[in-house]
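Throughout, a chain's letter reflects where its sequence line sits, starting with A, and its residues are numbered from 1. Since we're looking at a predicted model, the values are computed, not measured.
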Amino acid sequence: MDPIITRFPPSPTGYLHVGGARTALFNWLYARNKGGKFILRIEDTDLERSTQESVDAILQSLEWLEIDWDEGPFFQSKRFDIYRDYIRKLVENGHAYYCTCTPDEIEAMRQKAMSMGGKPKYDGRCREKNMKETPNAVVRLKAPLTGATVLPDMVKGNIVFQNTELDDFIIMRSDGTPTYNLAVAIDDITMGVNTILRGDDHVNNTPKQMLIYKALNQELPRYGHVPMVLGSDRTRLSKRHGAMSVTEYREMGYLPDAVINYLVRLGWSFGDQEFFTRKELIQKFNIENIGRSAGVFDVNKLLSLNGDHIQAADPGALVPHLLPFLEKQGVYPAPKEDLPAIIRTLNQRSKTLIEMAEGALFYFKDEITYDEKAVQKFFSAEFVEILRPLTDRIEALGDFSEKNLENPFKEMMEMTGVKFGKIAQPVRVALTGGTVSPGIFEMIAALGKEKTVKRLRQAEALMLKGK
RNA sequence: GGUCCCUUCGUCUAGGGGUUAGGACGCUGGCCUCUCACGCCGGUAACACGGGUUCGAAUCCCGUAGGGACCGCCA
């Protein structure tokens with residue numbers, strides 16, 4: 001078989017939402033899995049609603065998700081000449097015709113048909129008039145009046161449409177621009193696209209596009225219509241269901257790998273496996289395992305998966321992802337800071353990068369802010385008897401490794417008979433200002449001797465002062 | 001309303017004639033423990049309904065109900 005060529009054709013009328021991202025992902029994964037090509041095409045034939053900002057937003061989102069394209073982005077608005085050629089061809093070979101009916105007349109037609117219990121269709125009154133091109137005329141495709149169009153769908157199986165359900169739909173508007181169905185078909189034909197994975201909201205459009213292929217005597221692409229992503233109330237995903245745009249998930253501290261893992265797994269499965277690396281996704285993705293029913297977007301599961309990806313990621317690789325969130329908190333780590341070491345203390349306890357950044361703040365702050373209650377509870381003058389010698393021992397340590405840091409604590413426990421917990425908690429408050437943090441030893445190792453000793457001494461002073 | 005699609009725990013799903021109907025998220029009991037987490041062990045909870053076919057149906061067929069998508073000179 002010829003190399004697989006897929007595409008993603010967003011229309012730039014807004015940001016990239018998660019449903020669109022999933023469609024892009026399916027096409028991209030399939031192309032990558034098959035060693036084929038993935039094309040990006042911007043469907044901006046609606047000059048009114050298309051904006052450059054949307055184009056930029058969509059491109060940025062795809063780049064963030066690390067979905068790369070082999071060709072494009074192509075813009076339909078720059079291809080009007082091509083469409084016009086094909087439209088002319090269709091008129092010449094008798095598969096399309098000019099129609100001068102006005103929108104008002106069409107509307108009246110629909111009303112009448114509806115009131116008589118029929119379908120709101122164009123009645124074909126210009127169909128056999130053989131009109132020449134005139135200003136303000138539209139072009140309609142001459143759809144077959146009988147028979148059926150069968151869509152052999154890779155996901156849903158054969159879907160049969162009676163041709164009597166179809167009408168002579170418009171392929172060129174009165175202003176000379178092509179309509180969606182025409183532009184899509186012509187683009188896919190001229191770009192060699194042979195595999196189309198898209199939302200099943202397009203199912204009813206497909207016979208129209210197939211008719212265009214047929215009128216042009218072109219080989220059909222293979223279609224696969226994937227079920228929709230729904231909101232928690234099982235209706236089409238929309239703003240009231242919460243965050244929809246890919247960008248929002250980036251800002252909320254999600255990892256692109258987690259987002260693609262979640263999105264693909266919503267509607268596709270590979271046995272019981274839930275966690276997939278990007279590489280695995282490419283290796284394992286197939287069309288057979290795409291589900292048939294619509295899925296509800298569940299942020300909770302995404303969140304859980306994000307935690308899994310944070311945990312599984314190499315700490316060094318996480319640094320560039322984390323940095324923006326630290327900066328948002330006003331922290332600009334010095335080059336000498338060992339970020340991977342710090343991340344290692346936090347990746348087991350962070351579901352998002354925001355959480356991780358918040359959890360990391362204490363490492364960088366020059367002035368630690370103490371939690372009032374924690375100080376009340378754990379800082380006492382008596383504790384200085386333990387804290388001072390402990391600090392001395394920590395300061396004297398040559399090997400500041402996690403393992404070696406256990407020794408000063410052990411010694412203090414042996415000397416005083418005080419349980420570990422009673423020592424660790426005040427130290428934790430002294431070092432972080434609060435009662436929640438990574439494990440004592442890993443935290444101290446990541447903090448470094450200088451900051452550790454400084455903070456312990458400062459706490460000591462506070463304890464002596466009577467808080 | 002018409003056309004098309006869909007229906008396994010609350011959610012995502014595995015399974016597809018004989019299973020104690022499996023996993024994950026959530027919720028929950030416990031263990032681990034220096035806090036919070038992680039981790040581990042356990043629990044909760046599903047084949048929409050009705051008819052067939054069959055020795056046997058969640059699985060195949062037909063209905064019903066429910067849900068969704070689309071019916072533009074939007075994409």
Side-chain angles (χ1 to χ4, degrees), chain A residues 9-13 43-46 48-50 76 99 101-103 106-107 110 113-114 117-121 136 138-140 151 153 155-157 159-162 164-167 169-181 183-184 199-207 225 227-228 230 232-236 262 265-275 289 291-305 307-308 311 346-351 355 359 374 378 409 419-429 432 434-441 443:
Chain A
S11 60
T13 53
E43 310 221 322
D44 57 351
T45 53
D46 185 344
E48 291 289 304
R49 299 201 303 149
S50 301
Q76 290 189 325
C99 165
C101 297
T102 64
I106 307 292
E107 187 49 37
R110 288 206 179 95
M114 293 257 257
K119 305 172 202 346
K121 292 185 0 178
N136 290 324
V138 302
V139 175
R140 289 179 183 275
L151 159 59
D153 195 274
V155 175
K156 296 172 184 287
I159 302 174
V160 181
F161 298 90
Q162 296 306 319
T164 47
E165 297 294 331
L166 274 25
D167 68 352
F169 60 94
I170 293 174
I171 58 176
M172 189 188 85
R173 302 186 188 104
S174 53
D175 65 0
T177 60
T179 58
Y180 164 72
N181 282 121
V184 167
D200 70 7
D201 49 340
H202 284 282
V203 168
N204 289 296
N205 276 320
T206 308
H225 288 92
M228 301 271 84
L230 308 176
S232 48
D233 59 357
R234 307 208 71 98
T235 63
R236 203 177 171 52
Y262 176 72
R265 191 57 186 58
L266 176 62
W268 175 83
S269 62
F270 194 81
D272 279 344
Q273 190 173 345
E274 300 283 349
F275 182 95
N289 290 351
R292 281 166 234 287
S293 50
V296 173
F297 190 88
D298 180 7
V299 207
N300 240 331
K301 189 146 184 180
L302 205 207
L303 183 65
S304 160
L305 217 36
D308 293 343
Q311 200 166 129
L346 292 162
N347 61 177
Q348 306 288 308
R349 55 199 97 227
S350 309
K351 295 258 191 244
E355 273 183 41
F378 295 107
F409 285 84
K419 286 215 194 295
F420 182 70
K422 296 285 179 197
I423 300 177
Q425 207 55 3
V427 169
R428 170 170 286 114
V429 177
T432 70
T435 53
V436 175
S437 86
I440 284 287
F441 306 121
M443 167 177 66

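- At the phosphate of B:rC25, neither OP1 nor OP2 sits under 4.0 Å from any side-chain N or O atom of A:R265.
- At the heavy-atom level, A:Q273 lies nowhere under 4.0 Å from the strands shown.
- In this entry B:rC71 has B:rG1 as its Watson-Crick or G-U wobble partner, both defining distances falling under 3.5 Å.
- Listed nucleotides: B:rC25, B:rA75, B:rU35. Nearest to the side chain of A:R428: B:rU35.
- Under the Watson-Crick or G-U wobble criterion, with both distances below 3.5 Å, B:rA24 is paired with B:rU11.
- Counting any heavy atom pair closer than 4.0 Å across all strands shown, A:V160 reaches sugar-phosphate atoms only and no base atom.
- Closest to the A:D298 side chain, of the nucleotides B:rC25, B:rU13, B:rC6, is B:rC25.
- Candidate nucleotides B:rC73, B:rA69, B:rA24 were compared by shortest atom distance to the side chain of A:K301, and B:rA24 ranks first.
- Closest contact between the side chain of A:E165 and the listed nucleotides B:rG2, B:rA69, B:rC12 involves B:rG2.
- Taking a pair to require two hydrogen-bonding distances under 3.5 Å in either a Watson-Crick or a G-U wobble arrangement, B:rC32 remains unpaired.
- Within 4.0 Å (heavy atoms only), A:T45 reaches sugar-phosphate atoms of the nucleic acid but no base atom.
- Within 4.0 Å of A:E43, counting heavy atoms only, lie sugar-phosphate atoms of the nucleic acid but no base atom.
- Between the base of B:rC38 and the side chain of A:R349 there is no donor-acceptor pair shorter than 3.5 Å.
- Of the residues near RNA chain B, A:G267 and A:T235, the one whose nearest nucleotide (by heavy atom distance) lies more toward the 5' end is A:G267.
- Taking only distance into account, the side chain of A:N205 meets the base of B:rA75 through a donor-acceptor pair shorter than 3.5 Å.
- Checking the phosphate oxygens (OP1, OP2) of B:rC12, a side-chain nitrogen or oxygen of A:R234 falls inside 4.0 Å.
- As a whole-Å value, the separation of A:Q348 CD from B:rA37 P is 14 Å.
- Among the heavy atoms of the strands lying under 4.0 Å from A:S437 is at least one base atom, whether or not backbone atoms are also near.
- Base engagement by A:V138 is indicated by at least one non-hydrogen atom pair under 4.0 Å involving a base atom.
- Within the nucleic acid shown, A:P10 has no heavy atom closer than 4.0 Å to any nucleic acid atom.
- Within the 4.0 Å cut-off from OP1 or OP2 of B:rA14, at least one side-chain nitrogen or oxygen of A:S269 is found.
- Taking only side-chain nitrogens and oxygens, A:R236 comes nearer than 4.0 Å to OP1 or OP2 of B:rC70.
- If you take CZ of A:F161 and C1' of B:rA69, they are 11 Å apart, rounded to a whole angstrom.
- For the pair A:N289 and A:R292, nearest-nucleotide mapping onto RNA chain B gives the more 5' position to A:R292.
- Across every non-hydrogen atom of A:K121 and A:D167, the tightest pair is CA-OD2, 3.6 Å.
- Note: NZ (A:K422) to P (B:rU35) measures 11 Å, nearest angstrom.
- For A:T179 against B:rC73, no side-chain N or O and base N or O form a donor-acceptor pair under 3.5 Å.
- The only option from A:N204, A:L151, A:D200 that meets the side chain to side chain contact (heavy atoms under 4.5 Å, CB included) definition with A:I159 turns out to be A:L151.
- Separating the P atom of B:rU8 from that of B:rA58 is a span of 15 Å, rounded to the nearest Å.
- Within the shown strands, B:rC49 is the pairing partner of B:rG63 under the Watson-Crick or G-U definition, both distances less than 3.5 Å.
- Here, B:rG42 and B:rG22 have their P atoms 13 Å apart, quoted to the whole Å.
- Residue-level contact check: A:L266 touches the backbone only, with heavy atoms under 4.0 Å from sugar-phosphate atoms and none from bases.
- Put simply, NE2 on A:H202 is 22 Å from P on B:rU3, counting in whole angstrom units.
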